[in-house]
Amino acid sequence: MKITLTGSLGNIGKPLAIALITAGHEVTIISSNEDRKAAIKNIGAIPAIGDIQDVAFLTTAFKGADVLYTMIPPNFSVPDYRAYSAGIGQVYAQAIQAAGVANIVNLSSMGAHLSEGTGLTLGAYEVAKALNKIPGVIIKHLAAPYIFTNLYGNISMIRHMGFLGANYDANTRLVMVHPLDIADAVAATIQTPFVENETNYVVSDDCTTGEVAAAIGKAIGQPELSWMAFTDEQALAGIMQSGVREEIAKLLVEVGIAVRKGVLWMPYGKKKGTRNLEIFAEEFATRYQQN
């Protein structure tokens, strides 16, 4: 097949592209970074370099694709993240229609069915809403929960404060996924016949935040490591002190509130991925030692 991927060569995009190329497909990778062109060619893919908010560029990049993979490129510098995401969704929808692509795999999020109160996840809601309105296409949404690698942002907290924490406590349920499990799931979904619209969930592990702290503590040689609950105000101040803009920090706090309430986690009904919390904890330990 001819497959076009958004997302450049990120933690999901690169292993996804390699898996599809290894399976014999022709893969085009869209990136806004001219410097990525050589790296894209080096893995055997075709680079398409341009602005993903440019309908004409995307229409050309999408044209001829048997399957298109879409995702929201993170951009925390925008003044309104929800509006930015909605704009991306609209541009994708226009380009898909103009290019005549019939089969879409969209990386979404657990909680994307909710229109309010989920912070950054509202971006996934907006993109799904735009894609679902496209006539004559089949869309497979792949909903991911909390991504393991987000925990890397807590390395400084562990080093300087001696604990992990957020605006939810140690008994809070946290459904998680490894980026490589997402890549595997997207690759499998792309290569499965497109029959009807569907939403599937990709999960690597499902446990409490206290268990997260225990697994990471064991891996880094700090078995006493615990999970601390912050107030929403404390969480906001801490996120902003790390250099995150207030608008984005508020959305992250709102995500935490949704996690605390348990409203994000859908009944995924699928077996877990191959890379569970203990496996990621070892990867975390390697990163921790390097920082």
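Residue numbers count from 1 along this sequence.
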Close side-chain approach of Ile3 to Tyr69, heavy-atom, < 4.5 Å: no

Given side chains that start at C-beta, do those of His25 and Gln191 come closer than 4.5 Å, heavy atoms only? yes

Under 3.5 Å, is there a donor on one side chain and an acceptor on the other for Ser31 and Asn33? no

Side-chain contact test, heavy atoms from C-beta onward, threshold under 4.5 Å: evaluate it for Val67 versus Met1 and give yes or no. yes

Heavy-atom nearest pair, Phe57 first then Ala48, reads CZ-O, 3.5 Å

Any donor-acceptor pair under 3.5 Å linking the side chain of Ser85 with the backbone of Ile72? no

Any salt bridge between Lys2 and Asp66, counting N to O under 4.0 Å? no

Give me the atom names and distance for the closest heavy-atom approach of Asn167 to Ile257. ND2-N, 3.6 Å

Would you check, one step at a time, whether the test side chain to side chain contact (heavy atoms under 4.5 Å, CB included) holds for Ile18 with Thr22? CA-CA 6 Å; Ile18 291 172; Thr22 301; 3.9 Å; yes

Quick one: do Glu34 and Lys37 make a salt bridge, cutoff under 4.0 Å? yes

Stepwise, does the side chain to side chain contact (heavy atoms under 4.5 Å, CB included) test hold for Tyr92 with Leu131? CA-CA 8 Å; Tyr92 280 166; Leu131 295 181; 4.1 Å; yes

Would you check if the side chain of Asn197 reaches a backbone N or O of Ile139 as a donor-acceptor pair within less than 3.5 Å? yes

Quick test of your reading of the model: are Arg82 and Glu116 salt-bridged, counting only N-O distances below 4.0 Å? yes

To the nearest 0.5 Å, how far apart are CE in Met71 and OG1 in Thr6? 6.0 Å

State yes or no: do Leu251 and Val78 share one hydrophobic cluster built from I, L, V, M, F, W and Y residues joined by side-chain heavy-atom distances below 4.5 Å, directly or via other members? yes

Quick test of your reading of the model: are Arg287 and Glu283 salt-bridged, counting only N-O distances below 4.0 Å? no

Check: Thr208 and Thr172 side chains under 4.5 Å, non-hydrogen atoms: no

Determine whether a donor-acceptor pair (N or O, by modelled atom type, separation under 3.5 Å) exists between the side chain of Lys63 and the backbone of Leu58. no

How many angstroms lie between atom CD of Glu211 and atom CD of Glu278, to the nearest 0.5 angstrom? 8.5 Å

Quick check: is Met157 connected to Leu151 through a chain of hydrophobic side chains (ILVMFWY, heavy atoms under 4.5 Å apart)? no

Going by an N to O cut-off under 4.0 Å, is there a salt bridge joining Asp232 and Arg260? yes

Judged by atom type as modelled, is there a donor-acceptor pair below 3.5 Å linking the side chain of Arg36 to the main-chain atoms of Ile29? no

Rounded at 0.5 Å granularity, tell me how far CG in Leu180 sits from OG1 in Thr149. 9.5 Å

So which atom in Gly162 and which in Leu225 form the shortest heavy-atom distance, rounded to 0.1 Å? O-CD1, 3.5 Å

Identify the heavy atoms of Ala213 and Leu164 that sit nearest to each other, and give their distance. CA-CD1, 3.8 Å

Nearest atoms (heavy-atom pairs only) where Ala185 meets Val202: CB-CG2, 3.8 Å

Check each of Ile216, Asn154, Ile155 against Tyr288 using the side-chain contact (heavy atoms from CB on, under 4.5 Å) test, and report the only one that passes. Ile155

Return yes if a side-chain donor-acceptor contact under 3.5 Å exists between Thr209 and Asp169, otherwise no. no

When you group the ILVMFWY residues by side-chain heavy-atom contacts below 4.5 Å and let the links chain together, are Ile158 and Ile239 in the same group? yes

Ring pair (Phe, Tyr, Trp, His ring centres under 6.0 Å) partners of Phe284, counting only residues at least two apart: Tyr152

Applying side chain to side chain contact (heavy atoms under 4.5 Å, CB included) to His113 and Met266, what does each step give before you reach the verdict? CA-CA 10 Å; His113 64 296; Met266 301 294 291; 3.1 Å; yes

Counting only N and O atoms by type, is there a donor-acceptor contact under 3.5 Å from the side chain of Ser204 to the main-chain atoms of Gly273? no

Treating Thr118 as the side-chain partner and Thr121 as the backbone partner, does any N or O pair qualify as donor plus acceptor under 3.5 Å? no

Does a side-chain heavy-atom distance below 4.5 Å link Leu120 with Phe76? yes

Taking the six-membered ring of Tyr168 as reference, does the NZ or CZ atom of Arg173 fall below 6.0 Å from its centre and within a 45° cone about the axis? no

Distance check, rounded to the nearest 0.5 Å: Lys261 atom NZ versus Leu264 atom CG? 10.5 Å

Main-chain N/O of Gln234 paired with Thr231 side-chain donor or acceptor, under 3.5 Å: yes

Donor-acceptor check, side chain of Ser109 to backbone of Ala124, threshold 3.5 angstrom: yes or no? no

Can you confirm whether Tyr146 sits close enough to Val175 that some side-chain heavy atom of one is under 4.5 Å from a side-chain heavy atom of the other? no

Would you say Asp205's side chain and Leu277's backbone share a donor-acceptor pair under 3.5 angstrom? yes

Measure the CG-CD1 distance between Asn11 and Ile147 for me, rounded to the nearest 0.5 Å. 8.5 Å

Sub-4.5 Å side-chain heavy-atom contact between Pro135 and Gln97: yes

Hydrophobic cluster membership, with links at side-chain heavy-atom distances under 4.5 Å among I/L/V/M/F/W/Y: are Tyr125 and Leu107 in one? no

Spacing of CD1 belonging to Ile190 relative to CG belonging to Leu16, to within rounding of 0.5 Å: 5.0 Å

So does Lys140 have more than 12 non-hydrogen atoms from other groups sitting under 6.0 Å from NZ? yes

Taking side chain as C-beta onward, heavy atoms only, is Ile52 less than 4.5 Å from Ile30? yes

Checking side-chain polar atoms at under 3.5 Å, does Asn132 have a donor or acceptor matched by the opposite partner on His141? yes

Parallel, tilted or perpendicular: which fits the ring planes of His178 and Phe280, with parallel below 30° and perpendicular above 60°? perpendicular

Joint hydrophobic cluster, Ile104 plus Leu142, side-chain heavy atoms closer than 4.5 Å: no

Could you give me the CA-CA distance, side-chain angles and deciding distance for Asp181 and Thr274, then say whether side chain to side chain donor-acceptor pair (under 3.5 Å) is met? CA-CA 7 Å; Asp181 278 338; Thr274 58; 3.2 Å; yes

Could you give me the CA-CA distance, side-chain angles and deciding distance for Val177 and Met110, then say whether side chain to side chain contact (heavy atoms under 4.5 Å, CB included) is met? CA-CA 11 Å; Val177 65; Met110 285 193 182; over 6 Å; no

Just by distance, do the side chain of Asn103 and the backbone of Ile138 share a donor-acceptor pair under 3.5 Å? no

So, for Glu247 and Pro79, which heavy atoms are closest and what is the spacing to 0.1 Å? CG-O, 4.2 Å

Lys250 and Glu246: CA distance, side-chain angles, deciding distance, salt bridge (Lys or Arg N to Asp or Glu O under 4.0 Å) verdict: CA-CA 6 Å; Lys250 286 180 178 178; Glu246 183 176 4; 3.2 Å; yes

Do Thr70 and Asn106 pair up side chain to side chain, a donor and an acceptor below 3.5 Å, judged on atom types alone? yes

